[in-house]
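Below is one structure, written out as structure tokens; comments come after it.
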Amino acid sequence: MLLSSFTFIHGLLGAFTLLSFSVKVARTDSVFHASSDYAAGAYGSGPFQNFFSTNSTPSIWNFAYPLNRTDSMISSGYLFTAPRGSDTNSPGGLIYDLDGSLVWDGTSFGETLVFQVETYLGEPHILMWAGNSLATGVGSGYISLINNKYELVARFTTKLNGVTGPTYADFHEARITAKNTALMTAYQTKQMDLSSYGGPSSGYISDSVFQEINITTGEPLFTWHASDHVDPGECYNKIGSTGTSTSNTWDYFHINSIDVSEDGNFLISSRHCFTLYYINATNGDIIWRMGGAKSDFSMGDGASYSWQHHARWITKNDTYATITLFDNAGEYGESDESNSRGLHLAMNFTDMSVELIQDLIPFNTTLSQSQGSVQLQPNGNFLVGWGFMPWASEYTSSGELLWAGQFGVVGGNNNEGYRTLRFNWTGEPTAPPSMSFVHSSKSNITSIYASWNGDTRTERWELLGATDPSGSGAVSLDNKTRSGFETTITVNTAAHRYSYFAVRALGSDNVPLGTSEFINNGNGAAALTTGVQRTALMAVGILFAIYMT
């Protein structure tokens, strides 16, 4: 057994040595700045981090247009994004700080699209859709509502009657209203005569639906079907060879966002109709259309859009409103413009006109064929998530680029993220902090690694030593300022001969927040072996990722 373990370690070390000379290896808690190697794939197509104290392997950021750390114009808060794609090592929801360091790894929920903070019962909660996204651009999953202790508060989905084929609780949108109800999208297969649109008389559409749901009971309070209100002839996604069966439906409308105005009516975005629809919340009637073939508004220079996402009210009264949206300006196989844009638009209800206030242009002139987001920041900046392109960038209100970062290498469907948003967030996990250690092979120095998934309050880490696993009579050995997601503390085991170590998280004014389990530090060789295995496995994993690309 010892011989086979030695052989295994020796082989991994050989692979690590070879790798260290042939490619660049990403370190734990890595963030890159203007790295051409990252962009070129030298760290693999989906670069990821690897830690000692946890099994998390989140995507690494490369600030291609670096953030100026002395720039007071950057808005505060945490970045919420959910990398996904065939080259994304761990798809799912991830929270990062402004430096690009991991704060919370939520990838245990699985592939995630909607991932944002919403207010429920007066408290901030994470709202996330997780499930299986399908090649047809819809998904089948559930909405989860998670409090700031990372406890699941509720899980719900749409409830549709009269189904003639598959119904998908869709990933495109979920919201919590001021009434503490939930809004979410769905796609329902419906039989329809499509002969006037170039399809079969006994055809099938994928009908866009949104519902308002009672979160407690799961019962629908309001249901809206696009096919009851919008003729497919006003939309731009031609039927082609679709519409022939329940497994080959025509998605003529494609709902992808919902917002609620103060009067309770709904603003929805139809990607395939190039239109924002304002919907009466009582009877479902269309109050007005903005954009597309039947726009009730005249669209000013630069104000038109196509294949858009993520429409949001900014201000609104009876005569004037402002909104933001992401103008994809293209889709799979079609490019209407040279690049996608974030848009800030003004709507005049007196003369029914729309004017461009500001567009937000990608620094690399990229066209993103799907997904995307634009979010107004508390200080007036705009944060843009580029969707199909694994990028995010921040701009001043006048469109000046402040920074741009990527969380994966561009190419195909390899890395993408539905939206990238920013929120103020206080995480108070109930699970204890995590700790591991690695002994030096040449000295009495042991490296202690401390982290606490999701916690935002820890300012310092304290190292504790004890003679038994209960931690009774534990002695404080050192404490160190928190650094990124995983903080390293070194201890001389010759000077501090304790069999058990733990780490304690300290908040403001050194208030204790939580303590890890006390772990036996082993006999040195075992801990060293663990550290070597992990380091070698990190290297081999990166080598394998590069080989597979």
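When a residue number appears, it is its place in the shown sequence, counting from 1.
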Single hit among Phe437, Phe501, Phe52 for ring pair (Phe, Tyr, Trp, His ring centres under 6.0 Å) with Tyr449: Phe52

Sidechain N-carboxylate O distance under 4.0 Å for Arg419, Glu173: yes

Residue that, paired with Leu506, satisfies side chain to side chain contact (heavy atoms under 4.5 Å, CB included) out of Thr458, Asn479, Thr481: Asn479

Asn492 side chain to Ile445 backbone, donor-acceptor under 3.5 Å: no

Donor-acceptor pair, side chain of Tyr38 and main chain of Ala64, under 3.5 angstrom: no

Crowding at CD, Glu151 (>12 non-hydrogen neighbours, <6.0 Å): yes

The single option from Ile146, Leu113, Leu145 passing side chain to side chain contact (heavy atoms under 4.5 Å, CB included) against Met128: Ile146

Verdict with supporting geometry, Trp386 and Thr366, side chain to side chain donor-acceptor pair (under 3.5 Å): CA-CA 9 Å; Trp386 296 96; Thr366 299; over 6 Å; no

Donor + acceptor pair across side chains of Asn50, Thr57 (<3.5 Å): no

His310 and Ser257: side chain donor to acceptor below 3.5 Å: no

Side chain to side chain donor-acceptor pair (under 3.5 Å) between Gln371 and Glu416, worked out: CA-CA 9 Å; Gln371 308 163 84; Glu416 52 193 293; 2.4 Å; yes

Trp452 (side chain) donor-acceptor with Ala431 (main chain) under 3.5 angstrom: yes

Donor-acceptor pair, side chain of Asn62 and main chain of Ser35, under 3.5 angstrom: yes

Donor-acceptor contact below 3.5 Å, side chain Thr493 vs main chain Asn444: yes

Residue pair Trp403, Glu394: steps toward the side chain to side chain donor-acceptor pair (under 3.5 Å) verdict: CA-CA 6 Å; Trp403 62 266; Glu394 187 170 353; 2.8 Å; yes

Flag, side chain of Asp259 to backbone of Trp313, donor-acceptor distance under 3.5 Å: yes

Lys/Arg N to Asp/Glu carboxylate O, Glu462 vs Lys480, below 4.0 Å: no

From CA spacing to verdict: side chain to side chain donor-acceptor pair (under 3.5 Å), Thr322, Thr315: CA-CA 5 Å; Thr322 57; Thr315 62; 2.7 Å; yes

Test item: Asp455 side-chain N/O and Glu428 main-chain N/O as donor-acceptor pair under 3.5 Å: no

Sidechain-backbone polar pair: Thr487 side chain, Ser483 backbone, donor-acceptor under 3.5 Å: yes

Donor-acceptor pair between Asn381 and Thr396 side chains, under 3.5 angstrom: no

N/O donor-acceptor pair under 3.5 Å between Lys149 side chain and Gly427 backbone: no

Exam field: side chain Ser368 to backbone Ser370, donor-acceptor pair closer than 3.5 Å: yes

Non-hydrogen atoms of Thr54 and Ser451 that approach each other most closely: CG2-OG, 4.2 Å

Residue pair Asn148 / Trp425, side-chain heavy-atom distance below 4.5 Å: yes

